[in-house]
2 protein chains.
Amino acid sequence: MMKKAFTHCNIFTLDEQGTQYENGCIIVNDGTIEYVGEYHDAFVQACDEQIDWTGKWVMPGLVNSHVHIVMNVLRGAAEDLSLHRWLNEKIWPLESKFTDEIAEVSAQAALIEMIKSGTTTFNDMYNPIGLDCTRLYETVKQAGLRGYFSYTLFTPPDGSSEADTLARARDVANYIRRDNSLVSTMIAPHSPYACSTGLLQKSAELAAELGLRLHIHVSETEHEVDLIRSQHGLTPVQYLREIGFFQAPAVFAHGVVLDEQDKEILRETNTTIAHNPVSNLKLGSGIADVAALLEEGIHVGIATDSVASNNNLDMFEELRIAALLQKGTHRNPELIPVDTILRMATHQGAKGLGLAKTGMLKPGFAADFITIHPAGKIHLTPSNHALSHLVYATNGRDVEDNVVNGQFLMKDKQLLTLDEERVSQTLNRLYAEHLQ
Amino acid sequence: MMKKAFTHCNIFTLDEQGTQYENGCIIVNDGTIEYVGEYHDAFVQACDEQIDWTGKWVMPGLVNSHVHIVMNVLRGAAEDLSLHRWLNEKIWPLESKFTDEIAEVSAQAALIEMIKSGTTTFNDMYNPIGLDCTRLYETVKQAGLRGYFSYTLFTPPDGSSEADTLARARDVANYIRRDNSLVSTMIAPHSPYACSTGLLQKSAELAAELGLRLHIHVSETEHEVDLIRSQHGLTPVQYLREIGFFQAPAVFAHGVVLDEQDKEILRETNTTIAHNPVSNLKLGSGIADVAALLEEGIHVGIATDSVASNNNLDMFEELRIAALLQKGTHRNPELIPVDTILRMATHQGAKGLGLAKTGMLKPGFAADFITIHPAGKIHLTPSNHALSHLVYATNGRDVEDNVVNGQFLMKDKQLLTLDEERVSQTLNRLYAEHLQ
């Protein structure tokens, strides 16, 4: 057992009471927080290592509830298009050219971007057609982040067997969950429009059988809702209930277009909405009514989606825009105050992914946290009102340290698990060779 | 005469044709661009100085069409309140405690933040009650940015004389315009609700007499429109026309709540809307329909407003959110493509302030430009699609160089006209001493 003390820092625990400590200390025992509170010499002397964080702000790491890390090579590749044209004319044709190397380096690029900008937990789903999933999983694990890496199921457009897809999903899920690392998996059918009824049902059964969660795109656009309604006479959420999809806890990415009955179902089934405000704006999908979802007791996390529709993985920017949009669209500046949005992007997000002991700084919780050093930074001056600055003035570029499970992934802005320069150069080369 | 060549860079001119040069060169003669195009040895050898910008992206500097630099000390001081409560309960009481030193250091903080994040031109209006305006102006000038620094006129709430306010506005305007520096001035009555009809009329007459533009907050909230309608039976824009306000070209900050007749008046009078998307969202004012304004031929610039309602001066973030909001609210991802929003934040903005030869990189234009160095930066990888990255993946923290009128204000991230560390420390001390 290895005990570390992170000392003399300004701690924002984001716990239920919003506890803060000015001259604080976090003691970590292996990957778990053992103590958070005021600094005491005696506590720190019992540790194997002391890290002096004088002057730094410390908060729980950010939780990105929906992302596609393998798509990082497609940043900026398709602009100013609607979701359906964007997918069919640009993204899917480009993805069909991916090699194992592109997928691997692209994932590394996303992992670097997340570590640098303060994310400590991610929830990925990816399009693995023709790629080596276990190799990819091993690459992802090496970054050191906590999260979920999930094989996306589609009904094959060429008429080939859904049974093969399901068998592959089962193999990948078994490989990952037996590994018992920080990166687990979910069962991830793409969406009600890209999966047959049978595939959706069998995906749900597989999740229930393996004790995993479900991750799926639902009710992202009016176009989707109209389509499912024309095919099944129901909204996507009602259709999923009708076919018995809710056999395991689920993360629904988007939830932009929801009616009252949909919301009632989401509440009853304790489904989590992964809210992707930038992607939804950029693809013209609209603005999810997060204030109404919260009002009705529905669980909401914050997410970036991929860089192909964002075009970055900076969760500070994402949470800021999420709060701003609700204030603006409801013409009510009191909605989603700073502590609410910070909790949505940390513990609320983590809980929605099944990580009940992640996202707050308190004993027994995962030792996942990040720092920002405000001294001398004009955009964080005056340095009072730190919580407000964390929402409205900070961005991912301010993050100095990223600690996951008690281990540094970035220390004083130096990445420790991945090489930014090498990954950036390689990805540029691969893009030029295969996708241009 | 001093000729400088900025060479070997990737130039985005943002001119009417969207011309780009891969191995480009800009030659500056004093403060004006003499040549922009492919690199030629002979051209460069005729220069007094060559600055090698290999690998850098160069674009025109950003134009912030509406800001209050003296308010930088109030960053984060008032959260989650509507405009009218925010002004009356928080901002105005805090501003009444300002000293000359607070105003001066606060302005310096804003100027540093703008230089660092790539703004080269700003349009300020400030609340000068009891402060030494000419001292402030001298401070502002030293930063080296181009812009407008304008004395804000209010009808005195204590019943004291409007004539005194007008006389002071005239004195300040004359002081600034005779100085003939990069920082000019406008006549800036606060708003239709904080100025009497007489003061609005006399402000407009003063602008016409001195050959200056008008800068005013108009139609920011439904509350304002209802108030003016109840007092005058007209919308704010129609009321301003009725009383003869349009005697000089005007910049209207906000324009969130406009009817068809308002838009017709704005078009006919060639009035510029300074669009402040973040501030309008944050204060719950709403979302200006910029797509409709552009469709009707109304001139629109992009602006941050002050850090008290934003809470930062990063124009890259502002222009990104401006584009995203129109796509999302109209459910049309084709609206406001990347070149359109970049032009709004550069030449369109400058033109609206009366700077017809600013904001594009072409001969005869002001030598105001900024650089970004994408190599090795994971959030700008792959480095193709640069225009898209400038809108959706860049933020102010990426800016490396800021050149105004041919002079470096920041070179390779080193500020040359102001001291960030000192200003930040002093502002923290002043906040603690006077405003806490």
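Chain A is the first sequence line, chain B the second, and so forth, proteins listed ahead of strands; every chain is numbered from 1.
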Report task. Name the member of Val423(A), Val278(A), Asn384(A) that forms the most heavy-atom pairs with chain B at distances under 4.5 Å. Result -> Asn384(A)
Query raised in the report: With a 4.5 angstrom heavy-atom cut-off, which part of Glu113(B) approaches chain A: side chain, backbone, both or neither?
Result: both
Requested in this report: Look at Ala386(A), Pro277(A), Gly396(A), Gly328(A) and state which one has the largest set of heavy-atom pairs under 4.5 Å with chain B.
Outcome: Gly328(A)
Requested in this report: Name the region of Leu283(B), side chain, backbone, both or neither, that has any atom closer than 4.5 Å to a heavy atom of chain A.
Outcome: backbone
Requested in this report: Please look at Ala323(B) and chain A and tell me whether the side chain, the backbone, both or neither of the residue comes under 4.5 angstrom of a heavy atom of that chain.
Outcome: neither
Query raised in the report: Of all of Ala393(A), Ala432(A), Ala110(A), which one pairs up most often with chain B through heavy atoms under 4.5 Å apart?
Result: Ala393(A)
Requested in this report: Would you mind checking which part of Ile378(B) comes under 4.5 Å of any heavy atom in chain A, side chain (CB onward), backbone (N, CA, C, O), both or neither?
Outcome: both
Report task. Output the option from Gly284(A), Pro333(A), Ser117(A) having the highest count of non-hydrogen pairs under 4.5 Å with chain B. Result -> Pro333(A)
**Report entry** Top contributor to chain B interface from Asn310(A), Leu430(A), Ile287(A), Leu74(A) [non-hydrogen pairs under 4.5 Å]
**Finding:** Asn310(A)
Query raised in the report: Of the backbone (N, CA, C, O) and the side chain (C-beta and beyond), which part of Val307(B) lies under 4.5 Å from a heavy atom of chain A, both, or neither?
Result: neither
**Report entry** Side chain, backbone, both or neither of Gln108(B) within contact of chain A (heavy atoms, under 4.5 Å)
**Finding:** neither
Report task. Taking the side chain as every heavy atom from C-beta outward, state whether Asp398(A) and Arg397(B) have any atom pair closer than 4.5 Å. Result -> yes
Requested in this report: Evaluate the side-chain contact (heavy atoms from CB on, under 4.5 Å) criterion for residues Ile372(A) and Leu380(A): first the C-alpha distance (whole Å), next the side-chain angles of each, then the deciding distance (0.1 Å), finally the verdict.
Outcome: CA-CA 10 Å; Ile372(A) 282 167; Leu380(A) 303 176; 3.9 Å; yes
Requested in this report: Can you tell which part of Ser285(B) gets under 4.5 Å to a heavy atom of chain A, answering side chain, backbone, both or neither?
Outcome: backbone
Report summary line: Whatever's closer than 4.5 Å to a heavy atom in chain A on Arg85(B) counts as side chain
Report task. Verify, without hydrogens or angle tests, whether Arg75(A) (side chain) and His379(B) (backbone) share a donor-acceptor contact under 3.5 angstrom. Result -> yes
Query raised in the report: Is it the side chain or the backbone of Asn395(B) that comes within 4.5 Å of chain A heavy atoms, both, or neither?
Result: both
Report task. Check whether any side-chain heavy atom of His373(B) sits under 4.5 Å from a side-chain heavy atom of Lys377(B), and report yes or no. Result -> yes
Query raised in the report: Is the number of heavy atoms from other residues, nucleotides or ligands under 6.0 Å of Gln436(B) CD greater than 12?
Result: yes
Report task. Compute the ring centroids of His389(A) and Phe316(A), then answer whether they are less than 6.0 Å apart. Result -> no
Report task. With a 4.5 angstrom heavy-atom cut-off, could you sort out which part of Arg422(B) is near chain A: side chain, backbone, both or neither? Result -> neither
Query raised in the report: Within a strict 4.5 Å, meaning less than it, do heavy atoms of the Tyr392(B) and Leu324(B) side chains meet?
Result: yes
**Report entry** Thr119(A) (side chain) donor-acceptor with Ile115(A) (main chain) under 3.5 angstrom
**Finding:** no
Query raised in the report: Does the pair His254(A) and Asp305(A) meet the rule for a side-chain contact (heavy atoms from CB on, under 4.5 Å), with working shown?
Result: CA-CA 9 Å; His254(A) 304 299; Asp305(A) 212 345; 3.3 Å; yes
Report task. Measure the CG-CG distance between Leu111(A) and Leu313(A) for me, rounded to the nearest 0.5 Å. Result -> 9.5 Å
Requested in this report: Under 4.5 Å, counting heavy-atom pairs only, tell me which of Gln425(B), Arg429(B), Glu420(B), Lys116(B) racks up the most with chain A.
Outcome: Glu420(B)
Query raised in the report: Any idea which of Gln326(A), Glu79(A), His330(A) has the most non-hydrogen atom pairs under 4.5 angstrom with chain B?
Result: Glu79(A)
Report summary line: Only one of Asn280(A), Asp80(A), Leu281(A) passes side chain to side chain contact (heavy atoms under 4.5 Å, CB included) with Lys327(B), and that residue is Asp80(A)
